[in-house]
Each structure stands twice: as structure tokens, then as C-alpha cells.
Amino acid sequence: MFKISLPDGSVREVPAGTTPADVALAIGPGLAKAALAARIDGELRDINRPFERDSQLALVTSRDEKDALELVRHDYAHVLAEAVQSLFPDTQITFGPSTDDGFYYDFAPKDRAFTEEDLPAIEAEMRRIIARDEPLVREVWSREDLIARWQAEGESFKAEWAAELPDAEELTVYRAGRGEDAWLDMCRGPHLASTGKLDPQAFKLTRVSGAYWRGDQNNAMLSRIYGTGWLNRKQLDQHLTRLEEAAKRDHRRIGQEMDLFHLQSEAQGSVFWHAKGFLLWRALEAYMRRRLDAAGYAEVKTPQLMDARQWEQSGHWGKYRENMFVVPDEVPHAPEDGEADDAPVLSGQADLMALKPMNCPAHVLIFRQGIKSYRELPIRMAEFGCCHRNEPHGALHGIMRVRQFTQDDAHIFVREDQLIAEVRAFCELLDSVYRDLGFEDYAVKLALRPDKRFGSDAMWDKAEAELREAVLQSNLSQAIKDKFEELPGEGAFYAPKLEFHLTDAIGRTWQVGTIQSDRVLPERLDATYVGEDGQKHRPVMLHRAILGTFERFIGILIEHHAGRFPLWLAPVQAVAATIVSDADGYAAEVVSALTAAGLRAEADTRNEKINYKVREHSLAHVPYLLVLGKREAEERTVALRPLGEGAKQEVLSLAAAIERLRREATPPDLRKPLD
RNA sequence: GCCGGGUUAGCUCAGCUGGUAGAGCAACCGCCUUGUAAGCGGUAGGUCGUCGGUUCGAGUCCGACACCCGGCACCA
């Protein structure tokens, strides 16, 4: 007999062989029907898996949404795999987990990868499997039997996986269906009791893609099918609506609609900033420059091209050479008379220069000019540095991932005793900047030592602990600290990093800010300062950025605000739109007055109806329209109309309107407390 | 770089099984002097991503390349 404790504090004695489903039925048929799985001593388990000892039991129903979604999505993945093998019998199965909004499964097809055209048929087969209500039964297998089974079935990926699972782990298989036709997959579980527990209308296969076996590009390319899965149809519909709404916030789309920037193949991966986009950039850059000035940074500017030997010495050449743009240090040879037009203009023998992929070596070179005293540290050296990296083609993405970008970069040279306080101060500066820009919520991660790295283990132990300590000591909100996570193996080759991530419109997260504590580069580039003891010491170098790159950060800003920027960032802050041509002269006056007050304003005196102008400027997300008719021109007032459908407007004197806008357009760091 | 999909007018897109291109919006011209999210009429605009092939004939079929999109891998 086992003693089973329930959440209400009651205890039931049950004989061996009893399952959570039995307990649920004993409590009531309603609960038995609703129960999807069980939490046994905190662990999620199959509802039909018998108790093994005295246990705490909590039955999981769809009300426990997080658990329920996880279970359902995992089951959808299994049903997907069963459906694919039923339609494409020669396809090997590999692995298929749940994701944040659904599931995927990786297959090794016999001859061709799946395409989106295959999805409707697979969905239909999945619905048939759900309709058959196949029981999902857990079985424990021996490793030998399991490997033999997979080999017999031609499932080489599963066989490989089975052979490598740790000895301590029980090897389990789930049998879907009945009798000879049952379909098997190796899986840790847990699963629902049967496929019929899934809602056949609450999932959708969304896309196909390639994916490497075990995430390693040296392995086979598998064919992955993604789906989204929910507890019911309503949730699915809501999710699909969210995706549609998110697509409207895509920075590439808004960038075009608002005339902010464009990209074209002649400069792939580099942004053509249009006038309006660059106004936004300038507002952001001016803000960052003020914040850095106030925080004790000194701004520098360093060369775009440096001798390749410099990159060898810093260690970047060895690791990143193929991602650097390299140019020969040579004057091209001018064609001479009688020489073929296609004669080489470069000798191929010249020394190499490289476009800088980062600013840090140049900053060390500035640091090394003259002798530095311990009294001068910390030295905070900032640069809005324009860098080039030859990113893999498949990595490029709008303006979020580009080949030419400008960082709000800085390197802080500190003594060991100053390090934690500097990191902490950085975290607090970053938090303040993100809040000013409208981001209350972001993720902080600590990327730990990678396999291939410079420096001793002792150095890494110390550096990782310092960053961890600094972030936890800082004044970041508890909500952000609660989400803090560590990423093994993700650090840079010379230093661990704190990473600060923001989320884009469709839920992809992007690293923006970072800080890295580096003891390798000062060593390799021989940076020293004179200590109190008169001896030479190595400074620690903190590599740090808050926005990361202007390109990516502006992309995120666009999506976060859906193009409706706060007034201080909006490229065009106000448009003076006339109703009748009699107001044209007054409109010009209004725009001059706004411009003189430091506001970014334009006049729209086109021969169009006011309805048309309102609609057009609203779609362009212009924050304020100053509507000017005959009345306003005569009374020297403006009808101030904020962005928004059916927005309530106010008629103000021109001076009052300007004062209102000027005040609202003041960047957050320049606002006086009383404002 | 890898897998899959795509590229037609300034923008969004249609163009079935091959028979020398079409819509809406935008642009331009004209009318309307207009009061808060599209006033009306007209005109013009494309060597269908590039190169090559099949064919009497290619936007359409085949191949290569370029770029874009969705993932994977990468991200100093």
C-alpha cells in the first residue's frame, strides 16, 4: 500500500499498481475526464503510470495552463511524426520537442526535404490519428532491445541516440495505437493518455526548414516541420491573430512605410538610411552621447582600416579571419598602352589591411599612449564606432543583423578593485537607458566560458563570479533578476559576458547590450598602468555596449513602438496640414515657428481634402497634426490633433501649442523633475 | 554556409496546363477650396532579378548565379 497525499492535505491509501487516473476517478468522474497528467512529488508524469512509493499527487488539468500546453505540444509533435511516417514510410524520425508556441519534429526524409505544400496532407493525417484516439502507452526497454529495434526499422538516428543515452536513464518507448499497427517512438515522456485528448482544431503546421542533426553543421541536414499547438481552437485563433498583428509591426515594413531606410543588393547587409530614418538615429545618438558624457565617458574616434598584423596580435585573426573584410595595402596598377583591359590591377603580393570588425584593439592603442597611473583609472573610452563583419549570408536579417553597423561601444580600463563597482554602474546606466526608451522588460543572461578560449580556468572562475555578483548587486528590478539565467559555453573566447536581450514583434529575442570583463586583450596588447607601488600592473578591460548597434536597436525600437515613436524620437514630430489654400501662408509661418523651437515639422499644403491628409499622416505615424483652416489662420490658432482614430483635438494659440510640443519633445534625460 | 520558398509597374499583388503583360493604391494632369482616416475624371508607367538553355514561340518549362523571406548553423 502507498500513501498518496493530495493538495488539499488529505491522504489516501492505495494498493500497488494504482495510477493517478484511478485516484482521479475515485475523487470524481469529472476530474477523471479533465485530468491530463499528474505531478508526482513535483515531477510531471503520465496519468496511467502506477505509483511507485508514497507520493504527493497533484492532478494536472487544462487549468494548469503551462503544464497542459507543454504536454499537448509534445503530443502534437508525436502525432506529427506518426502522421509523417504513415504518409512517407521511408522517412526516419529523430527528435521533436515542444516550443514556446508549439512544437516541431526533425525528420530524415529518404529523397527530398518536405515543402510547405506537404503540410495540408500531413495535417489531415494528424487529424485522423487524433480521431482514432490511440492510447499512448509507456514501456521501459533494455538498451539492446531498443537499438536492435531501431536498426531493424532502419532508424539509424534513433539507434545512435539510444546507444548514447546515459546509463542512469530509464529507456522508455511510447506505443501509440493498438496491436500490430502500433507506432513507436523513443521518448522520455510524459504524454497524455491518448491522442484523442488533443483538440484536432487547435493546431496548425506553420513552416518547414532545415536543421542539423544534433545542432551541428558537420552532421546531416534534417527536414524540420514546425507547428503551433494549443488547448483549444480559440487559443489557436488568438495566436494566429497575434502573428498577423505582429507582421504589421515588422521593422522592414514600417521602415519602408515611414521612409526610414532601405536595403538593396548592391550593398547587401548595409543600410541606406533615408533622411527620416537618420533623424531618428541622430535623436538616439544625441541622447546616448549625453548619457555617456554624464556617466564619465570620454569619446574617441579610431581608424577604419588597420594592418592585419594588429588583428593577428589581438587574437581575432585566428578566430574570425574569414569574417573580416580585407583589402590589399596597394595602389591599383593603372593599365598601360597595349595592355589587355582585363590585366590584373593588383599584384596579390601586398600587405593586408582589414576593416575593423570591432573597436577594442584601437582603444587599447590609445590607452597605451603615454604612461597611465592607477589614479587615472577607471578610464571610460567611448566610440560610436562603425564596424564591418562579413556575416554568413543566411544570417542577414533586415537591419537587425547586418554587415556594416555602428556600436555605442566603450571600453572601461579598470583596476581589479574597481571592477565590480564599474560593472554594477554599467548595469544601472543600461537599465536607466532602456527605461527611457520604453523597455521595462528585458532579459539578462550570463554567457559562460566556451570550449575554445584563451586564459586559465582560475581567471574564468573569477571573471564569471564577478559578473554574476555585480548584476545581482545592482538595482535592476526583481522581476528582471528573477529571470536571470546562465548560458554555458556561450561566452566570447576571451571573456564571459553579461548579455541584455530584447524581444522583437514576433517573439524573437535579440542581444542588444553586453558587458564583458576581459583580462586577455590587455595581456596580448600589453596594456599597463603604474600602481601605487610603482610597479606595472595590467588593467582589466570591460567591453560594453548598451544599444549594441544602432541598426539593431532602431529595428527593435520600430517594432516595439509599431512606428508610433515617443515624440522626442519621432522623425517628423508635427505636420501642419491646411484645409484651404488660404491657410498656406500661415502654414509656412507655423512650420517656421515650430522649427525655430527645435521641433521637426513639415507643412502639407497639397490640394487634397483634410480627410485624405489626416489618413495619410496617420498611417505615417506622425504624432501631431496641426490642422489649419480659414478660422485658425484668422485667429492665429492651431487645431492640435494627436495621432489616433477619432482623436480628440484642442484648439490652442500657436504659442501654447509650440510650448506643449516642445515640452513633450524634450528627451527624458533633459526633463526637469517638475515637468 | 546549409534546407525550403520567393523575385512581375514606385508599393501591394493577379497572371490556369507556354501564344510577346493586368488590378488597386501611389505618381502626373485637370476639376473641386475642401473641417478631421481614401472627393471625381483622365494620362503615363514594366526588355516579368541576371545569364544561359529547351521551343516556331518563355513571365510561364529547365539550369546556373544574385538577392530577399522562413528556419538551421554562426554572431568577436
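Chain naming here is simple, since letters A, B, ... match the order of the sequence lines and numbering starts at 1 in each.
- Counting any heavy atom pair closer than 4.0 Å across all strands shown, A/Tyr104 reaches no nucleic acid atom.
- For A/Glu257 and A/Arg253, the salt-bridge test passes: some basic side-chain N is under 4.0 Å from an acidic carboxylate O.
- Checked against the 6.0 Å centroid criterion, the rings of A/Phe88 and A/Phe107 do not qualify as a close aromatic pair.
- Ion pairing between a basic and an acidic side chain is recognised when a charged N comes within 4.0 Å of a carboxylate O; A/Arg453 and A/Glu464 show no such pairing.
- Each of B/rC74, B/rA76, B/rA38 was ranked by its minimum atom distance to the side chain of A/Arg389; first place goes to B/rA76.
- Judged by closest nucleotide on RNA chain B, A/Arg112 is the one of A/Arg112 and A/Gly398 placed further toward the 5' end.
- Residue A/Thr115 has its side chain nearest to B/rG5 when only B/rA38, B/rA76, B/rG5 are considered.
- Taking the P atom of each, B/rC61 and B/rG19 are spaced 11 Å apart, rounded to whole Å.
- Between the P atoms of B/rG5 and B/rG63, the separation comes to 11 Å (whole Å).
- Between B/rG10 and B/rG45, the two P atoms lie 12 Å apart (nearest whole Å).
- Looking at the side chain of A/Met221, the nearest of the listed nucleotides B/rG35, B/rC3, B/rC75 is B/rC3.
- Taking atom P in both B/rU17 and B/rG24, one finds a spacing of 25 Å when rounded to whole Å.
- Here A/Glu664 does not pair with A/Arg660 in a salt bridge; the nearest charged N to carboxylate O distance is not below 4.0 Å.
- Closest to the A/Arg631 side chain, of the nucleotides B/rG35, B/rG39, B/rC67, is B/rG35.
- Taking atom CD of A/Glu490 as the reference point, atom P of B/rA76 lies 9 Å away to the nearest angstrom.
- In this structure, B/rU7 forms a base pair with B/rA66, meeting either the Watson-Crick or the G-U wobble geometry with both donor-acceptor distances under 3.5 Å.
- As the counterpart of B/rG45, no nucleotide is assigned, since no Watson-Crick or G-U wobble pattern has both distances under 3.5 Å.
- Taking the side chain of A/Gln217 as heavy atoms from C-beta on, and the options B/rA73, B/rG71, B/rU36, the nearest nucleotide is B/rA73.
- For an aromatic pair to be called close, the ring centres must be under 6.0 Å apart, and A/His239 with A/Phe203 fails this.
- Separation of the P atoms belonging to B/rG39 and B/rC51 is 42 Å when rounded to the nearest angstrom.
- Comparing the same atom, C1', in B/rU54 and in B/rA64 gives a spacing of 15 Å after rounding to whole Å.
- Comparing atom distances between the A/Gln256 side chain and each of B/rC11, B/rA26, B/rC74 picks out B/rC11 as nearest.
- Taking only side-chain atoms of A/Arg508, from C-beta outward, the nucleotide of B/rG1, B/rG71, B/rA37 with the closest atom is B/rG71.
- Using Watson-Crick or G-U wobble geometry with both donor-acceptor distances under 3.5 Å, B/rU20 finds no partner in any strand shown.
- Comparing the C1' positions of B/rC65 and B/rC72 gives a spacing of 23 Å, expressed to the nearest Å.
- Remark: aromatic rings of A/Phe553 and A/Phe439 are close, center separation under 6.0 Å.
- Figure legend. B/rC31 is base-paired to B/rG39; pairs are counted as Watson-Crick or G-U wobble with both atom distances under 3.5 Å.
- Shown here, B/rA58 forms no base pair; nothing in the strands shown gives a Watson-Crick or G-U wobble contact with both key distances under 3.5 Å.
- Which of B/rA66, B/rG70, B/rU36 sits closest to the side chain of A/Gln268 comes down to B/rA66.
- B/rC67 and B/rC28: their C1' atoms are spaced 32 Å apart (whole Å).
- Residue A/Arg401 is classed as a base contact, given a heavy-atom separation below 4.0 Å to a base.
- B/rA14 makes up no base pair with any nucleotide shown, lacking Watson-Crick or G-U wobble contacts both under 3.5 Å.
- Close to B/rC11, at under 4.0 Å from its OP1 or OP2, lies no side-chain N or O of A/Arg252.
- When distances run from any side-chain atom of A/Tyr212 to the nucleotides B/rU34, B/rA37, B/rC72, the shortest one goes to B/rC72.
- Counting any heavy atom pair closer than 4.0 Å across all strands shown, A/Ala113 reaches sugar-phosphate atoms only and no base atom.
- Using N1 to N3 plus N6-O4 or O6-N4 for Watson-Crick, or N1-O2 and O6-N3 for G-U wobble, each under 3.5 Å, B/rG1 pairs with B/rC72.
- Here the side chain of A/Met358 is nearest to one of B/rA37, B/rA76, B/rG70, namely B/rA76.
- At a threshold of 4.0 Å, the pair A/Glu245-A/Lys248 counts as salt-bridged, since one of the basic side-chain nitrogens sits closer than that to a carboxylate oxygen.
- Summary of the strand contacts: A/Glu645 and A/Leu222 both lie near RNA chain B, and taking for each the nucleotide with the nearest heavy atom, the more 5' one is attributed to A/Leu222.
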